[in-house]
Amino acid sequence: FSHQSPPQMLGVPSEVLASVVLHYLPRLGLSIDDTIAQARHANAIVGLEPMVKRAIEGGLQRGILTRESLSSVSQHVSSLDRSWRRIDMTRRLERNAAVSQKTVLVIQLHLAQFQWFHDDFLTANNLSRQVGVCSPARNVVLGGLRKGCTTLQQYESTVNAQIEKLKGAELTIVQRLRWAAGSNPQLKEAIEEMEQRQTKWQPIIEEPLKQLQDVIGIVESLLHFEAHRTRTSESNAGDKAVCTLLTRFCKSAKALVENARSFG
């Protein structure tokens, strides 16, 4: 088998082609046994190509073949060879194109990481146009995350409301069964089965809500980090609020120190 994909059996096509050619050579008037015997007598190696040439020459002399048919066959063989070579070249080009596409994708990801990490520097020095905007752009991804986070929060409230409704319905069923169990003791088994069902299915029902909340928390943390990592309106507002608090603290501390000195 070859190392290329898909696997191919080496030697089998050549063996089959040789068997077919040897099967049709006697029809052109060539005796294969006599040819092999003559080659053995002369201590020579019997080649398939010389046998085919001798058979064609004999066929032309006997009138079995014509020059026109031989020329047509040669044209068809040449056309088949060109087609096969083009197909093989196309297969190789497709394989190389797939490798190149994967390489370009990796390079685009590295470029996106570089632009995301140095976004402030590139924007401040007007270098974004020289480097080129990568795909996906940072603002597009963050906008999609915000939109998706809002949608997930809406789903969270809906899922939570449905879970609460389910819990309320189950509690109502259990409470009514307990009320009815006073006059019908046989309902105790149904109550136990219902309570076991609640204990078994409650974690399974709440698991999607927990996963949804985890995803929302991760996305919000990422958005919060990206918003305060670079110079945005949110980061500027946060920096301004922190500076205001520090200034107020310093003024309060200074006033307390002065008051303490006056009492001292």
Side-chain angles (χ1 to χ4, degrees), residues 98 101-123 128 133-182 184-246 248-249:
Q101 288 177 354
K102 293 180 180 178
T103 304
V104 170
L105 180 60
V106 173
I107 293 174
Q108 287 179 346
L109 292 176
H110 284 295
L111 180 60
Q113 292 175 359
F114 176 82
Q115 289 188 349
W116 278 43
F117 189 75
H118 302 284
D119 186 63
D120 287 341
F121 178 79
L122 295 174
T123 304
S128 299
V133 179
C134 62
S135 179
R138 178 176 177 273
N139 56 350
V140 175
V141 174
L142 294 180
L145 286 176
R146 290 190 184 93
K147 184 177 179 181
C149 186
T150 303
T151 305
L152 289 178
Q153 288 174 349
Q154 295 175 357
Y155 288 157
E156 180 188 9
S157 59
T158 303
V159 172
N160 194 12
Q162 295 299 323
I163 291 176
E164 293 299 329
K165 287 182 180 180
L166 180 60
K167 290 181 179 180
E170 290 179 348
L171 292 175
T172 302
I173 293 172
V174 173
Q175 187 64 33
R176 291 184 178 181
L177 287 174
R178 288 176 180 174
W179 290 342
N184 189 0
Q186 295 180 356
L187 294 176
K188 292 183 179 180
E189 295 181 0
I191 295 174
E192 293 178 356
E193 292 179 358
M194 194 65 186
E195 291 177 349
Q196 291 177 0
R197 179 185 178 280
Q198 285 181 325
T199 305
K200 178 181 178 181
W201 288 100
Q202 184 174 356
I204 299 175
I205 295 173
E206 293 179 351
E207 182 65 23
L209 180 61
K210 182 178 180 301
Q211 294 178 354
L212 188 61
Q213 292 173 349
D214 292 340
V215 172
I216 292 174
I218 294 172
V219 174
E220 287 181 344
S221 300
L222 178 60
L223 292 174
H224 182 76
F225 174 77
E226 287 295 330
H228 291 82
R229 184 179 66 86
T230 56
R231 292 185 179 277
T232 59
S233 58
E234 296 178 359
S235 63
N236 293 333
D239 294 341
K240 185 177 180 180
V242 172
C243 292
T244 303
L245 290 175
L246 290 175
R248 187 180 302 174
F249 173 77

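Values below: every heavy atom of this structure, side chains too, minus hydrogens, waters and symmetry copies. Treat the numbers as computed from the prediction; the structure is a model and nothing was measured.
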Nearest 0.5 angstrom please: [X] [atom1] to [Y] [atom2], how far?
X    : Y    : atom1 : atom2 : value
E164 : L171 : CD    : CG    : 9.5 Å
E220 : L223 : CD    : CG    : 7.5 Å
L105 : H110 : CG    : NE2   : 10.0 Å
L145 : I218 : CG    : CD1   : 11.5 Å
Q175 : T172 : CD    : OG1   : 8.5 Å
R248 : C243 : CZ    : SG    : 12.5 Å

Quiz item: Tell me the side-chain hydrogen bond (donor to acceptor under 3.5 Å, both in side chains) pairs involving residues 140-152, sequence neighbours left out?
Solution: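 Sorted pair list comes back empty.
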
Quiz item: Considering residues at least two apart in sequence or located in another chain, which fulfil the side chain to side chain contact (heavy atoms under 4.5 Å, CB included) criterion with H224?
Solution: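 Side chain to side chain contact (heavy atoms under 4.5 Å, CB included) list for H224, sorted by chain: H228.
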
Practice problem: Decide yes or no on side chain to side chain contact (heavy atoms under 4.5 Å, CB included) for Q153 and S157, but give the supporting numbers first. | Solution: CA-CA 6 Å; Q153 288 174 349; S157 59; over 6 Å; no

Please report, to 0.1 Å, the donor-acceptor pairs under 3.5 Å made by any side chain of residues 206-217, with sequence neighbours excluded.
residue: E206; atom: OE2; partner: K167; partner atom: NZ; Å: 2.5
residue: E206; atom: OE2; partner: Q202; partner atom: NE2; Å: 3.2
residue: E207; atom: OE2; partner: Q211; partner atom: NE2; Å: 3.3
residue: K210; atom: NZ; partner: D214; partner atom: OD2; Å: 3.4
residue: Q213; atom: NE2; partner: E156; partner atom: OE2; Å: 3.3

Quiz item: Are V104 and Q108 close enough, and set up right, to give a side chain to side chain contact (heavy atoms under 4.5 Å, CB included), and what steps lead you there?
Solution: CA-CA 6 Å; V104 170; Q108 287 179 346; 3.8 Å; yes

